[in-house]
Number of protein chains: 2
Amino acid sequence: MATISVREVAAEAGVSVGTVSNVLNRPDKVSAGTVSRVQAAIELLGFVRNDAARQLRAGRSRSIGLVVLDVGNPFFTDLARGAEDRAAQAGLTVLLGNSDETAERESAYLDLFEEQRVHGVLISPLGDSGEQLKRLRRRGTPTVLVDRQTEDRSFSSVAVDDVFGGHLAASHLIETGRTRLAFVGGPHSIRQVTDRLEGARAAVAEHAGVTLEAIDTCSLSVLEGRAIGEALLARPAEDRPDAIFAANDLLALGVLQALSMLGDLRVPQEIALIGYDDIAFASAAVVPLSSIRQPSALIGSTAVELLLREADGGENFEPEQIVFQPELVVRASTAARD
Amino acid sequence: MATISVREVAAEAGVSVGTVSNVLNRPDKVSAGTVSRVQAAIELLGFVRNDAARQLRAGRSRSIGLVVLDVGNPFFTDLARGAEDRAAQAGLTVLLGNSDETAERESAYLDLFEEQRVHGVLISPLGDSGEQLKRLRRRGTPTVLVDRQTEDRSFSSVAVDDVFGGHLAASHLIETGRTRLAFVGGPHSIRQVTDRLEGARAAVAEHAGVTLEAIDTCSLSVLEGRAIGEALLARPAEDRPDAIFAANDLLALGVLQALSMLGDLRVPQEIALIGYDDIAFASAAVVPLSSIRQPSALIGSTAVELLLREADGGENFEPEQIVFQPELVVRASTAARD
DNA sequence: ATTCTGAAATGAATCGATTCAATCATGACT
DNA sequence: AGTCATGATTGAATCGATTCATTTCAGAAT
């Protein structure tokens with residue numbers, strides 16, 4: 001199977017390789033007759049552009065890399081979709097990388113994207129991956145942080161105020177009469193987790209007689225949530241919290257599964273439950289789940305927007321930090337006790 | 001920002017470009033001293049391999065393309081994860097493309113992957129995208145169909161017996177005493193949908209007095225399911241089915257949302273409901289959802305396995321069709337009426 | 001008839017990593 | 001001392017699309 005390059009096409013059409021390239025990229029610069037002759041040759045030979053060669057010449061690829069914490073989390077697939085749509089408008093493709101909340105995989109994807117000379121990187125970083133990210137952009141790859149506020153003003157970022165979101169969630173639980181709150185989430189290397197916890201702590205501090213227990217998890221998955229739920233059931237009733245704020249909806253749904261299937265700890269009567277992200281499945285849960293909604297698709301598209309701005313900006317580019325406000329969505333899982 | 005290539009590294013380390021390449025790819029062929037000198041130079045200059053140049057020389061990229069019907073569907077993200085894991089073992093990356101159940105996007109991704117000279121393509125095709133796929137593989141890109149049985153023996157494929165799955169679901173509904181079934185799903189251009197419907201029809205035909213109504217949808221999403229649920233609520237009670245088999249869990253959860261939130265049609269008392277895929281959220285639903293389970297991650301990893309076999313196979317390669325059997329998972333949503 | 005203009009087409013040079021035949025160096029062995 | 005084998009290193013050629021300075025040519029203007 002001989003591989004067909006512009007050279008073969010040029011020979012077949014009786015023109016030079018430069019002309020073939022022009023037909024491909026600026027057909028208006030080529031006379032109509034030539035265009036159709038070249039196109040016929042392309043059709044006949046089944047020529048397919050070699051993207052590697054294009055990229056090599058161009059210096060940059062036509063895709064942008066997106067590293068998320070968990071592709072299994074609908075919040076991130078929604079975000080990715082928003083990014084994809086915006087990128088498509090600019091003729092770019094999104095490569096989706098899943099760090100799975102581990103530093104090694106995150107780092108591996110960044111290396112991969114840098115080798116691919118991507119147009120830019122969007123990343124929801126684990127911890128303070130600061131050093132690697134700084135190096136990446138210093139070497140010329142535009143980088144935007146998503147779903148993450150940053151003290152480092154040199155990066156553009158699109159985030160949601162997680163401290164505020166945490167405050168919102170905890171305040172809501174307190175207002176519905178709960179006093180012994182528990183925050184379920186982890187690992188603490190994930191900034192979103194610590195921010196949400198911080199917000200919750202602040203809300204608790206504002207009310208006398210309200211306590212907050214922090215229950216650590218090693219990941220933010222349904223499975224992990226189920227384990228926590230089982231652990232709660234195993235406790236003597238008087239040691240149990242009367243409200244749970246889970247760091248995301250997957251955890252919350254896991255906890256809910258455990259409570260409703262294995263035990264008889266009723267939600268919201270005996271224990272209230274609120275999640276975070278407001279994924280599509282939250283409202284269809286055993287007990288429809290209260291949650292903190294984030295504009296996921298908008299975060300993704302805005303991040304691409306900032307990335308393009310940085311890529312085009314040149315010298316006089318100013319990083320921007322955009323922060324959206326989260327929103328409380330109340331459903332049955334945090335209904336007042338009666 | 002001068003770009004650093006092997007040439008600069010070679011100059012800095014005082015060796016030839018060939019040696020730098022050897023350090024990168026076969027360090028055992030190079031003396032220890034040279035290796036460390038070159039590595040020091042790489043470190044110092046911040047050299048990053050240009051993947052486009054590698055690929056151009058190699059002729060093939062080191063990633064495989066995966067086109068799925070819907071990234072928002074956990075079934076496909078699970079499948080993708082299985083594929084990723086297996087691919088990683090072989091040193092390959094998976095590029096995830098989302099056809100969103102539209103022929104244009106599917107076709108665009110296939111073109112893109114071909115231009116990228118991917119190692120191979122895994123695709124969950126919409127309809128009989130036959131022509132384009134045949135051309136793709138004829139030109140040398142190994143292609144494996146996933147989640148899809150095919151009459152065309154020239155392709156390798158990994159599938160689950162959807163006809164059997166449909167039969168399983170409908171039989172179960174009938175066995176629990178339901179007689180007026182409805183199948184919710186669409187569009188019919190998606191083969192999985194028609195196969196599941198066919199299986200259900202067969203099961204119904206085996207029992208006298210049982211009817212099956214087909215309710216078409218334009219996509220397989222939660223939103224669409226909710227719309228169908230609302231339409232059902234609007235019907236007079238005597239026109240309603242007493243059991244619903246939804247073509248996938250997203251649809252089923254949508255129907256469930258509508259029924260439980262907007263109306264008072266109780267599941268499973270007045271209407272039974274079963275989905276397909278058994279995604280993680282199914283068991284956490286308002287009414288835990290019965291479903292047909294498919295080994296999603298296994299499908300993904302097996303598909304990569306076949307792909308690699310085809311890529312290495314050369315002339316004497318024989319396509320393989322692997323078919324897994326789905327499994328019925330019974331939960332509350334199809335409990336017997338009492 | 002001559003010059004000029006603009007459009008169209010040309011093709012060598014380029015991007016950067018890899019490959020492989022050729023060269024070089026070292027030490028072992030006769 | 002001379003021959004050989006082994007291992008290390010070299011560097012020109014290659015992959016394929018794009019670019020751009022240059023050439024070609026038809027027609028307009030003088």
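Proteins come first, then strands; the chains are lettered A, B, ... in the order of their sequence lines, and each starts at number 1.
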Trainee: If I take atom CG in residue A/Leu24 and atom C1' in nucleotide D/dT19, what distance separates them, rounded to the nearest angstrom?
Mentor: 14 Å
Trainee: Report yes if at least one side-chain N or O of B/Ser16 is closer than 4.0 Å to OP1 or OP2 of D/dT10; otherwise report no.
Mentor: yes
Trainee: For A/Asn50 and D/dA17, give me the distance from atom CG to atom P, rounded to whole Å.
Mentor: 6 Å
Trainee: From CZ of B/Arg57 over to P of D/dA17, roughly how many Å is that when rounded to an integer?
Mentor: 15 Å
Trainee: Using atom types as modelled and distance alone, determine if a side-chain donor or acceptor of B/Ser99 lies under 3.5 Å from a backbone N or O of B/Val68.
Mentor: yes
Trainee: Between B/Thr34 and D/dT9, is there a side-chain N or O to OP1/OP2 distance below 4.0 Å?
Mentor: yes
Trainee: Under a 3.5 Å cutoff, is there a donor and acceptor pairing between the side chains of A/Ser5 and A/Glu8?
Mentor: yes
Trainee: Please work out if B/Val20 contacts a base, only the sugar-phosphate, or nothing of the nucleic acid, heavy-atom cut-off 4.0 Å.
Mentor: nothing
Trainee: Please report the distance, rounded to the nearest Å, between CZ in B/Arg26 and P in D/dT10.
Mentor: 15 Å
Trainee: Could you state the atom-to-atom distance from CZ of A/Arg54 to C1' of C/dT14 in whole Å?
Mentor: 16 Å
Trainee: Could you tell me whether the phosphate oxygens of D/dT18, OP1 or OP2, come under 4.0 Å of any side-chain nitrogen or oxygen in A/Arg49?
Mentor: yes
Trainee: Figure out the CG/P separation between A/Asn22 and D/dG16, and round it to whole Å.
Mentor: 20 Å
Trainee: Is there a side-chain contact between A/Thr19 and the phosphate of C/dA9, meaning an N or O under 4.0 Å from OP1 or OP2?
Mentor: no
Trainee: Rounded to whole Å, please give me the gap between CZ in B/Arg7 and P in D/dT10.
Mentor: 14 Å
Trainee: Base, sugar-phosphate, or nothing for A/Asn25, non-hydrogen atoms under 4.0 angstrom?
Mentor: sugar-phosphate
Trainee: Do B/Leu133 and B/Thr143 come within less than 4.5 Å of each other through their side chains, counting heavy atoms only?
Mentor: yes
Trainee: State whether B/Thr3 places a side-chain N or O below 4.0 Å from either non-bridging phosphate oxygen (OP1 or OP2) of C/dG16.
Mentor: yes
Trainee: Under the 3.5 angstrom rule, does the side chain of B/Gln321 hit a backbone N or O of B/Arg153 as a donor-acceptor pair?
Mentor: yes
Trainee: Quick check against the 3.5 Å criterion: does B/Ser156 have a side-chain atom that pairs as donor or acceptor with the backbone of B/Glu320?
Mentor: yes
Trainee: Would one find a side-chain N or O of B/Ser31 under 4.0 angstrom from OP1 or OP2 of D/dT9?
Mentor: yes
Trainee: Would you indicate what B/Val30 reaches in the nucleic acid, counting non-hydrogen atoms under 4.0 angstrom: base, sugar-phosphate, or nothing?
Mentor: sugar-phosphate
Trainee: Does D/dG16 have its OP1 or OP2 closer than 4.0 Å to a side-chain nitrogen or oxygen of A/Ser5?
Mentor: no
Trainee: Would you mind reading off the distance between B/Leu56 atom CG and C/dT18 atom P, rounded to a whole angstrom?
Mentor: 11 Å
Trainee: Report yes if some heavy atom in the side chain of B/Leu110 is under 4.5 Å from a heavy atom in the side chain of B/Ile123; otherwise report no.
Mentor: yes
Trainee: Could you name each residue pair satisfying ring-ring contact (aromatic ring centres under 6.0 Å, His included) that touches residues 35-69 of chain A, not counting sequence neighbours?
Mentor: none
Trainee: Five pairs per end, C1' atoms only: what is the angle between the end axes of the helix from C/dA1-D/dT30 to C/dT30-D/dA1, to 10 degrees?
Mentor: 60°
Trainee: So which nucleotide from C/dA17, C/dG11, D/dG16 ends up closest to the side chain of A/Ala53?
Mentor: D/dG16
Trainee: Give every residue pair that meets the salt bridge (Lys or Arg N to Asp or Glu O under 4.0 Å) criterion with at least one member in residues 16-32 of chain B, sequence neighbours excluded.
Mentor: none
